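Okay, structure first, notes after.
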Amino acid sequence: MATQSIDGPKRGSLLSDQRTRAIVFQALAFFLVAVFFIYIGTNTARNLEALGISTGFGFLDSPAGYDVAMSLIPYTATDTHGRVFFVGLLNTLSVAVTGIIAATILGVILGVLRLSKNWLVSKLVYWYVEVVRNVPLLLQILFWYGVLLGLPRVRDAIPVFETMFLSNRGFYLPRPVPGDGIGLIIIAFFVAVIAIPIIARAARKRQEQTGQIFPVFWTSAALIIGLPALAAIVTGFPLTFDYPEKGGFNFKGGMVLRPEFVALWFSLSIYTAGFIAEIVRAGIQAVSHGQTEAAFSLGLKPNWTMRMIVLPQALRVIVPPLTSQYLNLTKNSSLAIAIGYPDLVSTFGGTSLNQTGQAIEIIMMTMLVYLTISLLISMLMNYYNKRIALVER
Amino acid sequence: MSDAVQRVSTPGVSDEVAIQIIGMHKWYGQFHVLKDINLTVRRGERIVVCGPSGSGKSTMIRCINRLEEHQQGQIIVDDIELTGNLKNIDAIRREVGMCFQHFNLFPHLTVLENCTLAPIWVRKVPKAQAEEIAMEFLNKVRIPEQAAKYPGQLSGGQQQRVAIARSLCMSPRIMLFDEPTSALDPEMIAEVLEVMVNLAETGMTMICVTHEMGFARKVADRVIFMDGGEIIEQNEPEEFFNNPQSERTQQFLSQILAH
Amino acid sequence: MSDITQSNAPGQHYPPGEHPDLPPPPGTVGAIGWLRNNLFSSIPNTILTLLAIYFLVVSIPPVLDWVYFEADFEGASRTDCTSAGACWALIDVRLKQYLFGLYPSDELWRVYVAGLVLALAVLPVLFDKIPFRKILLVNTLLLPITGFYLLSGTGSGPDAWLTTVETPQWGGLLLTLVIGVTGIVASLPIGVALALGRRSNMPVVRAMCVTFIEFVRGVPLITILFMSSVMVPLFLPEGVNFDKLLRCLIGVSLFSAAYMAEVIRGGLQAIPKGQYEAASAMGLSFWKMMYLIILPQALRIVIPGIVNTFIGLFKDTSLVLIIGLFDLLGIAKTVITDANWIGLSHESYAFVAVIYWVFCFGMSRYSIWLEAKLHTGHKR
Ligand SMILES: Nc1ncnc2c1ncn2[C@@H]1O[C@H](COP(=O)(O)OP(=O)(O)O)[C@@H](O)[C@H]1O
Ligand SMILES: [Mg+2]
């Protein structure tokens, strides 16, 4: 072989030899995989026939016949499995989205605190991260669910500020009831949202011309809080609250967060926050000390240095692993099944599967949902990475 | 804002003194890294600092714009004393430019943005004007054609020249250089030194930590030799090189001039 | 010139070059200096410190009371626990289940032996400077076989050497370790194969590997476990069925192999092209090049990533309780449904949490240690 490759004229034949080998190898691999799939395909068909299960998605239109404890869209037991799918999907998304928000806020705060010069705070965060990351999430979910179920019964619910009640049946919270004029507050909010970019652009233009720096951030914050507040005052606070009231064995009014939701959301948030804290810490530390020093020596103040030098560079390091944490959180929300939170996997992938026996269709559909989310996010990610890639030679 | 800055003496009285370091000591933990440093730099003076690695040269000049904090003694820059007072630190950093061994350009900004960032956000210069100034200095360091590129696309020598231009855009009264050429290949050293020589000819007050003895002979008003955290010897370049007083200086010079 | 520099400098003067090392001014080092620098360097910092101290003062004593000072350690049921704190009697009574599930008591010695074999098998992998490393490595290679026969037995008759213990009887920490170790042992080679496949220049192979990796990484483990428990029986010909544990092992291994593949791919990408070229120039074949030159370097670079995947895998073993296996967490969940111990979820979960934590934290510490060691090796 070795002599052949040194030999000039025979090189071509060696190359073609390698090429044929590659083709043969790939054909073989393809053939084996195909055989494998055909084999399990025929087996499955035969098994399903023996079990009397007809393949297809007809079951989606048949009534589900079971109740779902929490639903964002109207649902009754007479609705179809197809509707259960959406109920479950929405429940998955709602715990995932709220979890992502909470995990991000907590994780960023913890990551920054971890870098604090304060030894005690930094150590506390270190141990938080080490504890939370090294205990299985499912265990944490079960633990917190156990804690919530250990709360007093509804009759002895713990009052918080006399308006909220904690019990083993859930957290009873005041429910906001919009009154007349709520529209104005919403309009005021959107006016603020629209005004901010306009102000930002005007401020930039003015700065480019005169050099004057306009405090865009604080102005925006003031607008987004101030305008709706002003509208609220003008309309006489049209938002009232429906407070939960104890009545016999249950609460009347208000709204309730089920312990399943709270346990799942809380565990997902604190677990993922541990990972995010590490990502944020590593991202900020990845910006070399020289960058801050250079900015300081140019006279930039620490907060400007953070905003214009450190953060833009740290974000390149932070965002990719951060999105994969978001994906993990979304996938981990499927652990809902262990405590009976009605997410996609536990309703559609669990109860519906047991009732219809359409294992293949249901598992495939469930997987497809997660795959779609993953693919969408990674496409966004690739776009982002391309956009921010540092230009190097 | 400069009203709040605490001036040591009324401006004009000591106009000819740019930097004054009096009995300054610094420790890293228990390690006594700078010992009783006394140094006066007159305006327009060009000083070269040399000495073996680890002798405290970087630490000393980094104390001047308070990238490092000293624990004892006084540092007075432009009549402003460096204390914990943040206003003083800001004021001094605006007057003192610095170039680093590893350039420390901002990789996410173009060359032009690197140069205009501080003038826009610290000096509040209108953008167009800041860009004009930046182009002027990029011209002076002879890389105006690279303005739209990112630092990662430039050679080391070009990056260091951008770093010099970036500092100059803040129109500093004093420039500090910490081994600006020691991370560069020989042919790039020449181009950076040339820029520094030109800068020296404009009358800028400069403190350069460098081992480029040719540069020292050519532009320095004074050469300072440091060892073990102390200033061992300082003299005019001719005297310093031809007639070194202390044994350690002789030893150091013989090593450095040997090759 | 020197008269300017020498003037009005405070403190004692020494001739140039003879200044002694002095101690730093008081208050900048030592206990007080440390406190000032690390806890009270500024007003916000002081507030943070006080908040942290407040948090510790409020949270630590109740936890200590619950765990120890007001806890009960003995008893036959929860009614024997009369104090306000934890009821550790549960752990005391049910320890065997936590560790081994329903593994028959008479045969437990086999688990102990298997544990010893495992410990001896792990040692030479973790540390390269231990005595008898070669012999121990042989033991490591044989671990899948010895472990399997020790735990599951050789036959069921009365004259069988080791009586069969069916896998449904395995449980607790034993089962967790079986799944974890199998996953770790299987996922590394599969992961290497997938990573090489993904970087191969054969389009069909590459496409298959990419599809597999991205598919597995895109779905939750629980759906894969469902697949292995509900769908796999459908895939098999009628009458053929295999062990639930084995199906689950395959699911877990393939799952972590996909993650492992991505970690290893990162390592392969970090190897400079020159290494491939140099190896080819030496006349090494593809497999020899990979085995001798590329993989040792690539794997070394990504040791932290590999260990992280192991930690993730070890934590993920707990998911098998959802498909009805009684691993450590499964036992913890089941034990508290016993009428004698009902409601003791805090104790049960806290106990197994500590076990999981020790394993995972140990692994992460080991990876940090190893990384530091390899790093210094590089510098030298
Ligand atoms: N951040 C630091 N912490 C502790 N010691 C340091 C630190 N920075 C520098 N040193 C030590 O201080 C001494 C002087 O360093 P430096 O000023 O960088 O020397 P030079 O620039 O002359 O080579 C060296 O011995 C170095 O090890
Ligand atoms: Mg130095």
Side-chain angles (χ1 to χ4, degrees), chain A residues 1-2 5 22-23 25-27 29-30 33 39-41 43-44 46-48 50-51 113 116-121 124 130-131 133-140 142-143 145-147 149-150 327 330-335 337-338 345 349 353 359-360 363 366-367 370-375 378, chain C residues 34 37-39 41 45 48-49 51-53 55-56 201-205 208 214-215 217-224 226-227 230-231 233-238 283 285 311 314-319 321-322 329 332-333 336 343 345-346 348-350 352-353 356-361 363-364:
Chain A
M1 272 275 242
S5 60
I23 290 174
F25 183 72
Q26 295 186 71
F30 185 79
V33 171
Y39 176 69
I40 62 171
N43 280 339
T44 311
R46 202 173 307 137
N47 286 332
L48 287 178
L51 289 170
L113 285 181
S116 144
K117 279 194 205 119
N118 191 311
W119 178 88
L120 187 60
V121 169
L124 274 178
E130 289 299 345
V131 167
R133 291 202 311 174
N134 287 316
V135 172
L137 172 60
L138 182 57
L139 170 48
Q140 299 188 35
L142 291 173
F143 176 82
Y145 189 51
V147 169
L149 292 188
L327 280 178
T330 310
K331 287 184 280 177
N332 283 336
S333 70
S334 61
L335 295 180
I337 193 169
V345 171
L353 190 154
I360 296 180
I363 292 182
T366 311
M367 285 179 156
Y370 289 100
L371 274 181
T372 314
I373 298 176
S374 300
L375 282 182
S378 39
Chain C
W34 186 89
N37 289 331
N38 294 296
L39 296 180
S41 62
N45 212 346
L48 270 183
T49 305
L51 280 178
I53 291 175
F55 168 78
L56 287 177
N201 40 24
M202 295 184 261
V204 175
V205 174
M208 290 193 302
E214 293 307 327
F215 173 79
R217 280 161 32 96
V219 301
L221 174 57
I222 190 70
T223 57
I224 294 201
F226 273 166
M227 214 168 125
V230 227
M231 271 165 77
L234 290 176
F235 293 160
L236 297 171
E238 220 173 330
S285 72
I311 294 175
F314 191 77
K315 286 186 292 178
D316 281 344
T317 58
S318 58
L319 266 64
L321 83 86
I322 296 176
L329 185 55
K333 194 177 177 226
I336 51 176
S345 73
H346 300 12
S348 191
Y349 291 137
V352 300
Y356 279 110
W357 187 82
V358 167
F359 276 95
C360 296
F361 188 68
M363 281 194 263
S364 78

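Here is how names work: the chains are called A, B, and so on, in the same order as the sequence lines, proteins then strands, and each is numbered from 1. Quantities reported herein were computed from a predicted structural model and do not represent experimental measurements. Values below: all heavy atoms of this structure, side chains included; hydrogens, waters and symmetry mates excluded.
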Kindly determine whether A/K117 and C/N38 satisfy side-chain contact (heavy atoms from CB on, under 4.5 Å), including the steps that lead there. CA-CA 6 Å; A/K117 279 194 205 119; C/N38 294 296; over 6 Å; no
Less than 4.5 Å apart, any side-chain heavy atom of C/V219 and any of A/K331? no
Side chains of C/S364 and A/E130: does their closest heavy-atom pair fall under 4.5 Å? yes
With a 4.5 Å cut-off on heavy-atom pairs, point out which of C/W357, C/Y356, C/F359 contacts chain A the most. C/W357
To the nearest 0.5 Å, what is the distance between NZ on C/K333 and OH on A/Y145? 9.5 Å
Answer yes or no: is there a side-chain heavy-atom contact under 4.5 Å between A/L138 and C/D316? no
Roughly how far, to the nearest 0.5 Å, is CG of C/N45 from CG of A/N118? 4.5 Å
Whatever's closer than 4.5 Å to a heavy atom in chain C on A/L353 counts as side chain
Heavy-atom pair of closest approach, residues C/T223 and A/I363: O-CG2, 4.2 Å
Rounded to the nearest 0.5 Å, how far apart are CG of C/L221 and CG of A/N332? 9.5 Å
If you take all heavy atoms of A/P136 and C/S318, which pair is closest and at what distance? CB-OG, 3.5 Å
As an exercise: rank A/L48, A/V33, A/V131 by heavy-atom pairs under 4.5 Å with chain C and give me the winner. A/V131
Could you give the distance from OG1 (A/T366) to CD1 (C/I222), rounded to the nearest 0.5 Å? 11.5 Å
Judged by atom type as modelled, is there a donor-acceptor pair below 3.5 Å linking the side chain of C/K315 to the main-chain atoms of A/L139? no
C/S285 versus chain A, heavy atoms under 4.5 Å apart: side chain, backbone, both or neither? neither
Heavy-atom pairs under 4.5 Å with chain A: which of C/C360, C/P237, C/S345 has the most? C/P237
Okay, A/I23 and chain C: the region with an atom under 4.5 Å from a heavy atom over there is neither
Where do A/V135 and C/Y349 land on the side-chain contact (heavy atoms from CB on, under 4.5 Å) test, with the steps shown first? CA-CA 10 Å; A/V135 172; C/Y349 291 137; over 6 Å; no
Tell me, for C/L48 versus chain A, whether the close heavy atoms (under 4.5 Å) come from the side chain, the backbone, both or neither. both
Working to the nearest 0.5 angstrom, can you tell me the gap between C/N37 CG and A/W119 CH2? 14.0 Å
Choice from A/L142, A/V121, A/L124 maximising heavy atom contacts with chain C below 4.5 Å: A/L142
Given that the side chain runs from C-beta out, which part of A/S374 has a heavy atom under 4.5 Å from chain C: side chain, backbone, both or neither? side chain
Specify the closest pair of heavy atoms between C/F226 and A/I337, including all atoms of both residues, with the distance to one decimal. CZ-CD1, 3.5 Å
Would you say A/N134's side chain and C/V358's backbone share a donor-acceptor pair under 3.5 angstrom? no
Closest non-hydrogen atoms of A/N47 and C/L234, given as atom of the first, atom of the second and distance, are ND2-O, 2.5 Å
Side chains of C/F215 and A/M367: closer than 4.5 Å at any heavy-atom pair? yes
Which of C/N201, C/T49, C/I336 touches chain A most, by non-hydrogen pairs under 4.5 Å: C/T49
Distance in Å, A/I40 CD1 paired with C/L236 CG, rounded so as to fall on 0.5 Å steps: 9.0 Å
Looking only at heavy atoms and a cut-off of under 4.5 Å, which of A/T330, A/T372, A/L375, A/I360 has the most pairs with chain C? A/I360
For C/M208, is it the side chain, the backbone, both or neither that has a heavy atom under 4.5 Å from a heavy atom of chain A? side chain
Check whether C/I311 gets within reach of chain A through its side chain, its backbone, both or neither, counting any heavy atom under 4.5 Å. side chain
Part of C/P233 lying under 4.5 Å from any heavy atom of chain A: backbone
Side chain, backbone, both or neither of C/I53 within contact of chain A (heavy atoms, under 4.5 Å): both
Tell me, for A/L327 versus chain C, whether the close heavy atoms (under 4.5 Å) come from the side chain, the backbone, both or neither. neither
